[in-house]
Every structure is written in C-alpha cells, then in structure tokens.
Amino acid sequence: MSFTHVLAVVAVRDMPTATEWYARLFGRPADARPMDGLADWHVAPSAWVQVYRSPEQAGSSMVNLVVPDLDRAVGELAERGITAGAVESGTGRVRFAAVHDPDGNRVALIESPAT
C-alpha cells in the first residue's frame, strides 16, 4: 500500500476563531477553503493540516509539526501572539514545545536534527 498525502485533521467549535488562530500559527491565511466549515493549510508538498467545524469533537485533536529550528519557531509564534509552553527534551537531541488553539487542541513543534 502506498499513500500520496497525509492530512492532519483538527476539530474546532468556531471556524472564524479557529481560522484566525491557525493563520497566525502558519503565518498566512488558509491555502484552500474546499467547503463550508473546512480550511486547509498545505504545510509541505504532500502534508496538509485541515481545520474543520465539529463542535462535538473540538479540543481532542493533536498535531505534531517538525521544524528545523525550535527556538526560532517559538520566537516567531510569540511575535504572532501565540505563546508556546516550555521547551522540553526528548530522547537523543529531540526538543519540542506545545501550543494550544482556542479549543484546546494541541499542536507540538518538534526539532529533531536526526530527521
């Protein structure tokens, strides 16, 4: 079996609030709005983050995004009004920090020099 894309899906209660927050997270508006209640950010050639309206599931999503420089990414988010939690160390040289959207969905930024 082979795959052509990976879509991370984040459930939210309110689309205007969520799309504003994710626009600040990614530093740009959504790349596509394919239907009412859905917004896509194309974060890599074959990886997208989709935000969709689903009040009953909102707040239970988790997304991990790998960044080349965690300190820089955390600084850029702070400039956009998004505060990351503490930078933590994983195994090896992996470091990560998490942010939470207005519904409580967790987005972790991961720096992994081994990738």
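The chain is numbered in sequence order, starting from 1. In this text the structure is predicted, and so the values were computed from the model without any measurement.
- Of the possible polar contacts, one joining the Asn105 side chain to the Ser60 backbone as a donor-acceptor pair under 3.5 Å is found.
- A single hydrophobic cluster is seen to contain both Leu109 and Val51, as judged by linkage of ILVMFWY side chains at heavy-atom distances under 4.5 Å, directly or through other members.
- Taking 4.5 Å as the limit, every side-chain heavy atom of Val87 sits out of range of all side-chain heavy atoms of Glu111.
- When side chains are defined from C-beta on, Leu77 does not count as touching Val74, because their heavy atoms never get closer than 4.5 Å.
- Residue Ala30 comes nearest to Ala39 through the heavy atom pair CB-CB, 3.9 Å, listed as atom of the first residue, atom of the second, then distance.
- Taken from CG in Leu70 to CD in Glu88, the straight-line distance is 10.5 Å, to the nearest 0.5 Å.
- Linking ILVMFWY side-chain heavy atoms closer than 4.5 Å, directly or via other members, places Val63 and Val12 in a single hydrophobic cluster.
- At most 12 non-hydrogen atoms from other residues, nucleotides or ligands lie less than 6.0 angstrom from CZ of Arg72.
- Residues Tyr22 and Val43 share a single hydrophobic cluster, defined by chaining ILVMFWY side chains whose heavy atoms lie under 4.5 Å apart.
- The closest donor-acceptor contact from the side chain of Trp41 to the backbone of Arg28 lies under 3.5 Å.
- Residues Val9 and Met35 are members of one and the same hydrophobic cluster, defined by side-chain heavy-atom contacts under 4.5 angstrom among Ile, Leu, Val, Met, Phe, Trp and Tyr.
- In the hydrophobic clustering of this structure, Val94 does not group with Val107; members are Ile, Leu, Val, Met, Phe, Trp, Tyr whose side-chain heavy atoms approach within less than 4.5 Å, directly or through other members.
- The shortest distance between side-chain heavy atoms of Leu25 and Ile82 falls below 4.5 Å.
- Side chain of Asp103 to backbone of Arg13: a donor-acceptor contact under 3.5 angstrom is found.
- Side-chain contact check for Arg106 versus Asn64: some heavy-atom pair is nearer than 4.5 Å.
- Taken from CG in Leu7 to CH2 in Trp48, the straight-line distance is 6.5 Å, to the nearest 0.5 Å.
- Ala11 and Ser61 get closest at one heavy-atom pair: N-OG, 3.1 Å.
- Note that CE of Met15 and CD of Glu20 are 12.5 Å apart. Values are rounded to the nearest 0.5 Å.
- Asp71 places a side-chain heavy atom less than 4.5 Å from the side chain of Arg95.
- Of the possible donor and acceptor atoms, none in the side chain of Trp21 sits under 3.5 Å from a partner among the backbone N and O of Pro16.
- Two residues are said to be in side-chain contact when any heavy atoms from C-beta on lie closer than 4.5 Å; Leu65 and Val49 meet this criterion.
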